[in-house]
Amino acid sequence: ESLYYHSLFQIPKHNKVCYILTIGIIETYRKHGIATYLIKQVIQYAKSNSKCGCVYLHVIDYNKVAMQFYENNFIQYIINHIHHIYIYII
């Protein structure tokens, strides 16, 4: 699977990728910058690792709130026939 993502994202094979498995904010706490802060921290960590080529995550297609958040915040949206993917290329 790793080689699949390296070719999909056009990342050199010697680079590693950082995957965000889950991030969720209870509705009451949304719009307080929590998710933005967490994403920025992950990106900062990945950038500090010279072997990391990108940060990526998947979003289920009916989670429109999350999709809008990622589209508005630093991450490129990629659609292919297998996944709905958001990626930040380092």
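We use all heavy atoms of the structure for the numbers below, so side chains are in, but hydrogens, waters and symmetry mates are not. Since the structure is predicted, the reported quantities are computational estimates derived from the model, not experimental observations.
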field: Spacing of Asn49 atom CG and Gln44 atom CD [to the nearest 0.5 Å]
entry: 13.0 Å

- prompt: How many angstroms lie between atom SG of Cys54 and atom CD1 of Ile43, to the nearest 0.5 angstrom?
  reply: 10.5 Å

Is there a side-chain contact between [X] and [Y] in this structure, where contact means two heavy atoms from C-beta onward sitting under 4.5 Å apart?
X	Y	value
Val55	Tyr19	no
Ile20	His58	no
Phe69	Ile39	yes

- request: Would you sort out whether Val17 and Cys52 count as a side chain to side chain contact (heavy atoms under 4.5 Å, CB included), showing the intermediate values?
  value: CA-CA 5 Å; Val17 296; Cys52 188; 5.7 Å; no

message: For Gln41, is the CD atom crowded, meaning more than 12 foreign heavy atoms sit under 6.0 Å from it?
response: yes

Treating Ile, Leu, Val, Met, Phe, Trp and Tyr as nodes and any side-chain heavy-atom pair under 4.5 angstrom as an edge, say whether [X] and [Y] lie in one connected cluster.
X	Y	value
Ile26	Ile23	yes
Leu38	Tyr45	no
Ile34	Met67	yes

- prompt: What's the shortest heavy-atom distance between Arg30 and Val65, and which atoms?
  reply: NH1-CG1, 4.2 Å

query: When you measure from the side chain of Asn63 to the backbone N and O of Val59, does any donor-acceptor pair fall under 3.5 Å?
result: no

query: Between Tyr29 and His32, how do the two ring planes meet: parallel, tilted or perpendicular, split at 30° and 60°?
result: tilted

